[in-house]
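Below is one structure, written out as C-alpha cells; comments come after it.
In this chain, residues are counted from 1 in sequence order.
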Amino acid sequence: MTIPRRTAIAMVLATAFAAQAQDARQAWTPNKPVKLVVPFAPGGASDNVARQIANPLAEELGVAVVVENRAGAAGNIGMEAAAKSPPDGYTVFLGNISTNAINQWTYADQLKIAPLRDLIPVSSVATIPSLLIASTKVPANSVKELVEYVRKNPGQVNHTSAGAGSYAMLDMLVLEKAAGLKMTHVAYKGGAGQFITGLVAGEVELAFTNVSSASELVKAGRLKALAVTSQARLPELPSVPTMAEAGFPGVGTDAWQGLFVPVGTPEAVVIRLHEAVGKVLRQPAVREAFLKRSIVPAPSQSPAEFAKFVAADTARWGEIVKEHKAALTN
C-alpha cells in the first residue's frame, strides 16, 4: 500500500516530535524547586490558575513548584524579573494577554524588556471569559441601563482595571466609543484581586474582569454582572446576557494565560515543560477545578503553535492600542 505524501510527512514529523520529547525527558530532569512567577497579587485569575496547576505540575516534574506573586506596574515587575532570571527552567512565568500581548505597546517607554524577544512561549494554559461587572451602588442592572446612567453623568462614573492599557481598560474604552460614553479610569496596581475589592466596597463602579475572579461575588449578591464576553451564556450565570445580546457584539475579551521561560532556555527544557503542563491540563481533577471557576483549560499542541498565537495577538492589540492612544495618555 502506498502512503500519500502528505500523510507520510505528517507521520515523520509526529515521530520526530515524539522522539524529541523523549530526548527532552532524558536530557532535563529538574533537581530543585521550580519557581512559578505570577505578576499579580493573590486572589485574581492569574493567581487562581497558578495555584490550580502548581501541585499537579510538581508531581509531574518530580520537584516542588513554588508560586511567587510579584505584583505591580500592570504585571511588568513580575514579567521583567522572570525574563531576567537564569534561563535554566527553574523560573517559569505565568503570563497573560495583558503582560505578553498588550504591555509592550502601552508601556513601551517603561518596559526594560521586550516580551516577544526576551521570553520563550512554552504553552497556553487557559482562556477565561470576562464579565462586565458593577458595584451594587450602581443603579443600573443591565447594559442598556448602564449606558443611560453614564450618559446622564458624563465623566462622573468611574471604571477600574489593573492599570492604564490593560485589556480591561481597553475593553472599556471600546465600549465607551461604541456607546458614545465618557467615564473616568481608576487603576489598581495589584490586579483583579485588588480592584474587585474596591468594587465590592463601592470605591469604584465598573470593570471588565475575568469571570473566575468575580462569579462567586456575583452569586453572593456583592457585585452585579451586567454581561459576559463569551459567545454563549455561562451555565453558572445563566441569567447574565452576552455582550452581543446586550447590543454590543465584539466588545470585551476572553483572556488567555500561558507559560513562558527566559530567552536562552534550552529547547529540551522548553519541550519538557510543555509536555508536563499538557499532561496536567488533561487531568480530570484539574479540568474540573478549572471549569468550576469558569476557566477553560487550553494546552497548546506545541511551543511553536503558542509562539505563533502570541505573536499574532500582540499585533492585533497593537492596532487596538494605536486606535485608543489618545485616551490612554489623558
Side-chain angles (χ1 to χ4, degrees), residues 37-40 44-47 49-50 70-83 92-130 161-175 187 191-192 207-213 229-230 250-263 270 274 277 295-325 327-328:
V37 178
V38 177
F40 300 104
S46 294
D47 187 64
V49 168
R70 299 197 65 171
N76 291 337
I77 290 176
M79 180 168 64
E80 290 178 352
V92 180
F93 178 63
L94 181 66
N96 64 21
I97 187 172
S98 291
T99 56
N100 290 77
I102 300 175
N103 285 10
Q104 74 174 62
W105 305 111
T106 54
Y107 292 92
D109 295 336
Q110 295 101 313
L111 267 178
K112 299 179 178 64
I113 66 161
L116 285 177
R117 180 195 67 202
D118 297 325
L119 287 164
I120 298 174
V122 174
S123 177
S124 171
V125 174
T127 58
I128 314 171
S130 293
S161 75
S166 63
Y167 78 88
M169 181 190 181
L170 289 167
D171 283 345
M172 200 67 78
L173 293 179
V174 172
L175 177 60
F208 275 104
T209 192
N210 291 309
V211 64
S212 62
S213 300
T229 62
S230 53
V251 176
T253 298
D254 288 359
W256 55 263
Q257 307 265 349
L259 296 185
F260 298 80
V261 290
V263 68
V270 175
H274 172 268
V277 75
I295 300 170
V296 181
S300 301
Q301 291 185 0
S302 67
E305 179 196 55
F306 185 43
K308 183 178 180 180
F309 166 80
V310 173
D313 206 38
T314 299
R316 181 178 70 88
W317 280 102
E319 293 301 315
I320 295 173
V321 170
K322 182 179 179 181
E323 181 180 357
H324 296 279
K325 188 174 182 179
L328 294 174

Under 3.5 Å, side chain of Trp317 to main-chain N/O of Asn103, donor-acceptor pair present?
-> no
Per the side chain to side chain contact (heavy atoms under 4.5 Å, CB included) rule, which among Leu119, Val125, Ile120 passes with Leu259?
-> Val125
Which pair of non-hydrogen atoms, one from Phe306 and one from Pro121, has the smallest distance, and what is that distance?
-> CD2-CB, 3.4 Å
Non-hydrogen side-chain atoms of Asp171 and Val251 separated by less than 4.5 Å | no
Note, Val310 side chain near Phe260 side chain (heavy atom, < 4.5 Å) | yes
Do Ser213 side-chain atoms and Ala45 backbone N/O form a donor-acceptor pair below 3.5 Å?
-> yes
Heavy-atom closest pair, residues Asn100 and Gly95 | OD1-CA, 3.3 Å
Hey, what do you get for OH (Tyr107) to CE (Met79), rounding to the nearest 0.5 Å?
-> 10.5 Å
Between Asp254 and Thr127, is any side-chain donor less than 3.5 angstrom from a side-chain acceptor?
-> no
Give a yes or no on whether the backbone of Val38 and the side-chain of Ser46 come within a donor-acceptor separation of less than 3.5 Å.
-> no
Using a 4.5 Å cut-off on heavy atoms from C-beta on, say whether the side chain of Tyr167 contacts that of Asn96.
-> no
Heavy atoms only: give me the nearest Ala311-Leu116 pair and the separation to one decimal.
-> CA-CD2, 4.1 Å
Closest non-hydrogen contact found for Ala71 with Ile77 is O-CD1, 3.8 Å
Test item: Leu170 and Phe208 side chains (from C-beta on) under 4.5 Å apart, heavy atoms = no
Check Ala83 against Ile113 and note the closest heavy-atom contact, atom names and distance.
-> CB-CD1, 3.7 Å
Do Ser130 side-chain atoms and Thr253 backbone N/O form a donor-acceptor pair below 3.5 Å?
-> yes
Closest heavy-atom pair, His274 versus Gln301, reported as atoms and distance to 0.1 Å, is CE1-O, 3.4 Å
Pairwise distance OG1(Thr99) to CG(Leu94) - rounded to 0.5 angstrom = 8.0 Å
Do any N or O atoms from the side chain of Asn210 and from the backbone of Ala255 form a donor-acceptor pair under 3.5 angstrom?
-> no
For the side chain of Asn76 and the backbone of Leu111, is there at least one donor-acceptor N/O pair under 3.5 Å apart?
-> no
State, yes or no, whether a side-chain contact exists between Arg117 and Val263 at a heavy-atom distance under 4.5 Å.
-> no
Would a distance-only check, ignoring hydrogens and angles, find a side-chain to backbone donor-acceptor pair under 3.5 Å from Ser300 to Glu305?
-> no
